[in-house]
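Reviewing the structure listed below.
Both counts, for ligands and for their atoms, begin at 1 and track the order of listing. One-based numbering along the sequence shown.
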Amino acid sequence: MADQAQGLRNLVLKNRQNARVIAVTSGKGGVGKTNTSVNLSLALSALGKRVILLDADLGLANVEVLMGLSSFYNLESVIDGEKHVREVLVKAPGGIQLIPGSSGMARMADLTPEARDRILNGLAELQALSDFIIIDTMAGIGKNAVSFAIAADEVILVSTPEPSSIVDAYAMLKTIYNSNKDAIVKLVVNMAANQAQAQAVATKLSGVSRQYLERNLSFLGFIPRDPHVSQAVMQSNPFVLAYPNAPATKCIQQLAAHLVQQTTQAPQERDSFLKRFAQTLGIASNS
Ligand SMILES: Nc1ncnc2c1ncn2[C@@H]1O[C@H](COP(=O)(O)OP(=O)(O)O)[C@@H](O)[C@H]1O
Ligand SMILES: [Mg+2]
């Protein structure tokens with residue numbers, strides 16, 4: 001009897017737990033956000049996690065191109081009232097599900113009350129059905145670009161070892177902390193020559209973060225510069241699937257495992273992401 005009751009409690013607890021919403025962002029474009037989002041999602045899925053990937057990059061359907069997909073409906077169909085969020089979910093390779101964003105993202109800041117409710121209710125539904133929602137955002141510190149990063153439970157900030165990328169990553173970090181001083185930001189160094197170079201970037205960025213922003217920036221991991229990444233891009237097949245033994249794959253698998261271990265850091269209170277998201281977009285939530 002005791003075991004049965006415990007089982008029931010666990011089930012209820014499990015179902016009440018929301019997905020961890022993680023925005024992948026950067027200061028400048030072309031640093032590997034989309035590749036990180038896609039392949040991290042696949043690596044999490046391989047660890048048995050239910051993953052939904054949201055393409056929140058404006059305009060270009062980057063994630064779909066990278067995964068060799070092309071879908072008719074996207075978030076814009078939800079805004080227009082044609083579809084529910086769950087109806088625009090696409091089954092992607094590797095067991096993950098994708099919400100194509102496309103031009104719908106440009107209209108997120110200017111929604112009718114009906115469209116707002118459809119989006120928020122739809123996202124709430126998805127949050128209850130998944131373990132991770134990974135959001136591939138666009139680069140830059142504009143309002144649309146940072147709204148997801150500010151609202152998400154956690155942010156993965158991608159930088160390369162190039163000085164211009166580090167400077168822009170710092171600007172992004174500052175913008176995020178200025179809007180949400182409790183933000184949890186984790187650094188991923190992409191296109192590193194080796195671990196030592198990635199570590200040096202992490203030391204530099206976490207140093208300025210502590211000194212000037214009085215915030216800790218944790219180092220989640222690195223992805224080496226690896227020709228398999230661009231080869232996979234050319235084939236529209238994510239490198240985790242196309243090259244399971246590539247150095248980049250090994251590193252992103254470690255990164256995913258790290259993320260899964262860090263369970264206690266994510267705020268678990270219900271609707272937290274949605275409330276912040278609605279506030280960030282300046283749309284009062286009535287739910
Ligand atoms: N670790 C890597 N090693 C080699 N090339 C990479 C790596 N990460 C990204 N690239 C290259 O950089 C390009 C841009 O990556 P992408 O993920 O689209 O960046 P973003 O989404 O930040 O604009 C990719 O098409 C790929 O050719
Ligand atoms: Mg991109």
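The protein atom (non-hydrogen) at minimum distance from atom 19 (O) of ligand 1 is Gly32 N, 3.0 Å. Regarding atom 15 (O) of ligand 1, its nearest protein heavy-atom neighbour is Asn35 ND2, 3.6 Å. For atom 27 (O) of ligand 1, the nearest protein heavy atom (residue, atom name, distance) is Ser230 CB, 3.4 Å. With respect to atom 4 (C) of ligand 1, the closest heavy atom belonging to the protein is Asp226 O, 3.3 Å. The protein heavy atom nearest to atom 6 (C) of ligand 1 is Val229 CG1, 3.6 Å. The protein non-hydrogen atom at the shortest distance from atom 11 (C) of ligand 1 is Met191 CE, 4.2 Å.
Residue-to-ligand polar distances place Lys33 within reach of ligand 1: an N/O pair is separated by less than 3.5 Å. Distances between N or O atoms of Lys28 and those of ligand 1 include no value under 3.5 Å. For Arg225, no nitrogen or oxygen atom sits less than 3.5 Å from a nitrogen or oxygen atom of ligand 1, counting backbone and side chain alike. For a threshold of 3.5 Å applied to N or O pairs, the pair formed by Pro227 and ligand 1 contains no separation below that value. Geometrically, ligand 1 and Gly30 share a nitrogen or oxygen pair separated by less than 3.5 Å. At least one N or O atom of Asn190, backbone or side chain, sits closer than 3.5 Å to an N or O atom of ligand 1.
When only modelled atom types and interatomic distance are considered, Ser26 and Lys33 share a side-chain donor-acceptor pair under 3.5 Å.
Remark: the backbone N or O of Val21 is paired with a side-chain donor or acceptor of Asp153 at under 3.5 angstrom. Remark: side-chain polar atoms of Asn180 are not paired, donor with acceptor, to backbone N or O of Ile176 under 3.5 angstrom. The closest donor-acceptor contact from the side chain of Glu64 to the backbone of Ser71 lies under 3.5 Å.
Residue Ser26 places every heavy atom at 4.0 Å or more from ligand 1. Using a non-hydrogen distance threshold of 4.0 Å, Pro224 registers as a contact of ligand 1.
Contacts with ligand 1 closer than 4.0 Å are made by no heavy atom of Leu66, backbone or side chain.
Pairing each heavy atom of Gly221 with each of Leu255, the nearest pair is C-CD1, 4.2 Å. In plain terms, the two heavy atoms of Gly94 and Leu42 that are nearest each other are CA-CD2, 3.7 Å. Contact record, Val63 with Asp55: N-OD2, 3.5 Å, taken as the closest heavy-atom pair.
Near Val233, with a cut-off below 4.0 Å to any heavy atom, the atoms of ligand 1 are 25 (O).
For atom 13 (C) of ligand 1, the nearest protein heavy atom lies 4.0 Å away or farther.
Taking 4.5 Å as the limit, every side-chain heavy atom of Asn190 sits out of range of all side-chain heavy atoms of Val31. Considering only heavy atoms from C-beta on, Ser218 stays 4.5 Å or farther from Leu187 through its side chain.
Annotation: protein N, O or S atoms under 2.8 Å of the Mg ion (ligand 2) (waters excluded) comprise Thr34 OG1.
For residues 83-94, the pairs satisfying salt bridge (Lys or Arg N to Asp or Glu O under 4.0 Å) are Arg86-Glu125, with sequence neighbours left out.
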Please output the side-chain donor-acceptor pairs of residues 236-249 that fall under 3.5 Å, not counting sequence neighbours, one pair per line with the distance.
{"from": "Ser236", "atom 1": "OG", "to": "Val65", "atom 2": "O", "distance (Å)": "3.0"}
{"from": "Tyr243", "atom 1": "OH", "to": "Gln231", "atom 2": "OE1", "distance (Å)": "3.4"}
{"from": "Tyr243", "atom 1": "OH", "to": "Gln235", "atom 2": "NE2", "distance (Å)": "2.8"}
{"from": "Thr249", "atom 1": "OG1", "to": "Phe239", "atom 2": "O", "distance (Å)": "3.4"}
{"from": "Thr249", "atom 1": "OG1", "to": "Tyr243", "atom 2": "O", "distance (Å)": "2.7"}

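Remark: Ile150 CD1 to Thr175 OG1 distance equals 7.5 Å, nearest 0.5 Å.
In terms of the side chain to side chain donor-acceptor pair (under 3.5 Å) criterion, Ser164 has no residue partners (sequence neighbours excluded).
Between Asp131 and Arg50 there is a salt bridge, with a side-chain nitrogen of the basic residue lying less than 4.0 Å from a carboxylate oxygen of the acidic one.
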